[in-house]
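Just below is one structure, and these are the notes that go with it.
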Amino acid sequence: GYYTQYPNLMHCLQCDINCETNECGSNTNGNCNKCKEGYYPNPNLATICDKCHINCKNGKCSQTNGTCSECNEGTYPNPEDTKECILCSTIENCNTCKQNEEYCLTCEGNNYVKEGKCVSCSSITNCEECKSDESGMCTKCISGYFSDSGVCKKCLDETEQKCVTC
């Protein structure tokens, strides 16, 4: 479509190439009401269609306001800007998160998941190292303790098989 910028101007301007056919023209002053898939109208200059955020699933977003309905794996919706999906790594020490949720599933380093956040393994009583998931199972206990099904238990006797150190 085409439109005239001013009523008395006999010069026609072409609508944005990413604007849906029949969604721009003289009756809209060149504003695009609906952009093609993968684009949305620029909120500050409605004659232009902006590309959806790179982390919107399959490059798709709302064609009228740019909101990502789904995010790519490894990302979640930005709570401050629904047009963006941000990386799980923005959650402190997070390795992987739930798709479309600010909820960590596995953590980096010596951390484990507690209520969607990464917490240090040292916060587990007598624990030195643990699994990075939500189990919070201790895999290595401090000296004088051993792991029994992920729980650190005190060595009662140095001859106890799990407590012998080489």
Side-chain angles (χ1 to χ4, degrees), residues 16-20 32-166:
D16 189 294
I17 59 168
N18 292 309
C19 187
E20 282 280 7
C32 185
N33 295 320
K34 184 179 177 187
C35 296
K36 291 181 180 176
E37 190 173 279
Y39 294 86
Y40 65 97
N42 180 305
N44 299 317
L45 187 58
T47 57
I48 297 173
C49 291
D50 288 339
K51 191 165 182 58
C52 297
H53 191 268
I54 192 168
N55 286 324
C56 289
K57 190 168 185 166
N58 301 321
K60 294 179 184 176
C61 65
S62 166
Q63 292 168 267
T64 54
N65 65 17
T67 298
C68 289
S69 57
E70 279 189 82
C71 295
N72 286 330
E73 192 172 315
T75 66
Y76 65 95
N78 183 343
E80 295 170 16
D81 184 356
T82 58
K83 293 182 186 107
E84 290 183 2
C85 294
I86 51 181
L87 297 172
C88 295
S89 58
T90 59
I91 302 170
E92 191 175 352
N93 297 310
C94 186
N95 192 33
T96 60
C97 63
K98 281 186 180 180
Q99 189 174 353
N100 296 315
E101 269 188 72
E102 188 178 356
Y103 191 98
C104 198
L105 294 174
T106 60
C107 299
E108 297 173 340
N110 199 25
N111 296 286
Y112 73 101
V113 179
K114 184 176 183 178
E115 298 171 3
K117 304 285 182 214
C118 294
V119 180
S120 175
C121 293
S122 63
S123 68
I124 301 170
T125 306
N126 302 313
C127 185
E128 200 170 295
E129 293 176 14
C130 63
K131 288 188 175 186
S132 65
D133 60 14
E134 291 184 272
S135 69
M137 292 182 67
C138 193
T139 54
K140 184 180 179 186
C141 300
I142 62 171
S143 180
Y145 291 81
F146 67 96
S147 180
D148 182 14
S149 300
V151 177
C152 293
K153 294 187 176 177
K154 187 166 182 54
C155 295
L156 301 174
D157 185 346
E158 288 301 318
T159 60
E160 194 172 331
Q161 187 177 356
K162 292 180 181 178
C163 294
V164 175
T165 55
C166 299

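Excluded from the calculations below are hydrogen atoms, water molecules and symmetry mates; all remaining heavy atoms, backbone and side chain alike, are included.
Separating the NZ atom in Lys154 from the CD1 atom in Ile142 is a distance of 8.5 Å, to the nearest 0.5 Å. Interatomic distance, NZ of Lys140 versus CG of Asn126, reported as 14.0 Å (0.5 Å rounding). Here His53 contributes atom NE2 and Asn72 contributes atom CG; the two are 10.0 Å apart, rounded to the nearest 0.5 Å. Between the OG atom in Ser120 and the NZ atom in Lys114 there is a gap of 11.5 Å [rounded to 0.5 Å]. For the atom pair Asn110 CG and Ser122 OG, the distance stands at 7.0 Å (nearest 0.5 Å). If you take CD1 on Ile17 and SG on Cys35, they are separated by 11.5 Å, rounding to the nearest 0.5 Å.
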key: Derivation and outcome, disulfide (SG to SG under 2.5 Å), residues Cys107 and Cys118   = CA-CA 6 Å; Cys107 299; Cys118 294; 2.2 Å; yes
- Message: Set out, in order, the CA-CA distance, both residues' side-chain angles and the distance that settles side chain to side chain contact (heavy atoms under 4.5 Å, CB included) for Phe146 and Cys155, then state yes or no.
- Response: CA-CA 7 Å; Phe146 67 96; Cys155 295; 3.9 Å; yes
**Item:** Verdict with supporting geometry, Tyr112 and Val119, side chain to side chain contact (heavy atoms under 4.5 Å, CB included)
**Value:** CA-CA 5 Å; Tyr112 73 101; Val119 180; 4.0 Å; yes
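Applying the side-chain contact (heavy atoms from CB on, under 4.5 Å) criterion to Glu20, with sequence neighbours excluded, gives Glu23, Lys34, Lys36, Gln63. With sequence neighbours left out, Glu70 forms a side-chain contact (heavy atoms from CB on, under 4.5 Å) with Lys57, Gln99, Asn100. Residues passing the side-chain contact (heavy atoms from CB on, under 4.5 Å) test with Lys117, sequence neighbours excluded: Glu102. Considering only residues two or more places apart in sequence or on other chains, Asp81 meets the side chain to side chain donor-acceptor pair (under 3.5 Å) condition with none of them.
Sulfur-sulfur distance for Cys56 and Cys71: not below 2.5 Å, with no disulfide indicated. Cysteine sulfur proximity is satisfied for Cys141 and Cys152, their SG distance being under 2.5 angstrom.
With Asn18 contributing its side chain and Tyr39 its backbone, the two residues share no donor-acceptor pair below 3.5 Å.
Residues Asn111 and Cys121 share a closest heavy-atom pair of N-SG, 3.7 Å. A pairwise comparison of heavy atoms in Asp16 and Thr47 identifies CB-O, 3.4 Å as the closest pair. Taking all atoms of both residues into account, the shortest heavy-atom contact from Gly66 to Cys61 is O-CB, 3.5 Å. Across Gly59 and Cys52, no two heavy atoms sit closer than the pair O-CB, 3.5 Å.
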N/O donor-acceptor pairs under 3.5 Å from side chains in residues 130-138, not counting sequence neighbours:
{"residue": "Asp133", "atom": "OD1", "partner": "Ser135", "partner atom": "N", "Å": "3.0"}
{"residue": "Asp133", "atom": "OD1", "partner": "Ser135", "partner atom": "OG", "Å": "2.6"}
{"residue": "Glu134", "atom": "OE2", "partner": "Tyr103", "partner atom": "OH", "Å": "2.7"}
{"residue": "Ser135", "atom": "OG", "partner": "Met137", "partner atom": "N", "Å": "3.3"}

Please report, to 0.1 Å, the donor-acceptor pairs under 3.5 Å made by any side chain of residues 83-94, with sequence neighbours excluded.
{"residue": "Glu84", "atom": "OE1", "partner": "Asn78", "partner atom": "ND2", "Å": "3.1"}
{"residue": "Thr90", "atom": "OG1", "partner": "Tyr76", "partner atom": "OH", "Å": "3.1"}
{"residue": "Thr90", "atom": "OG1", "partner": "Leu87", "partner atom": "O", "Å": "2.7"}

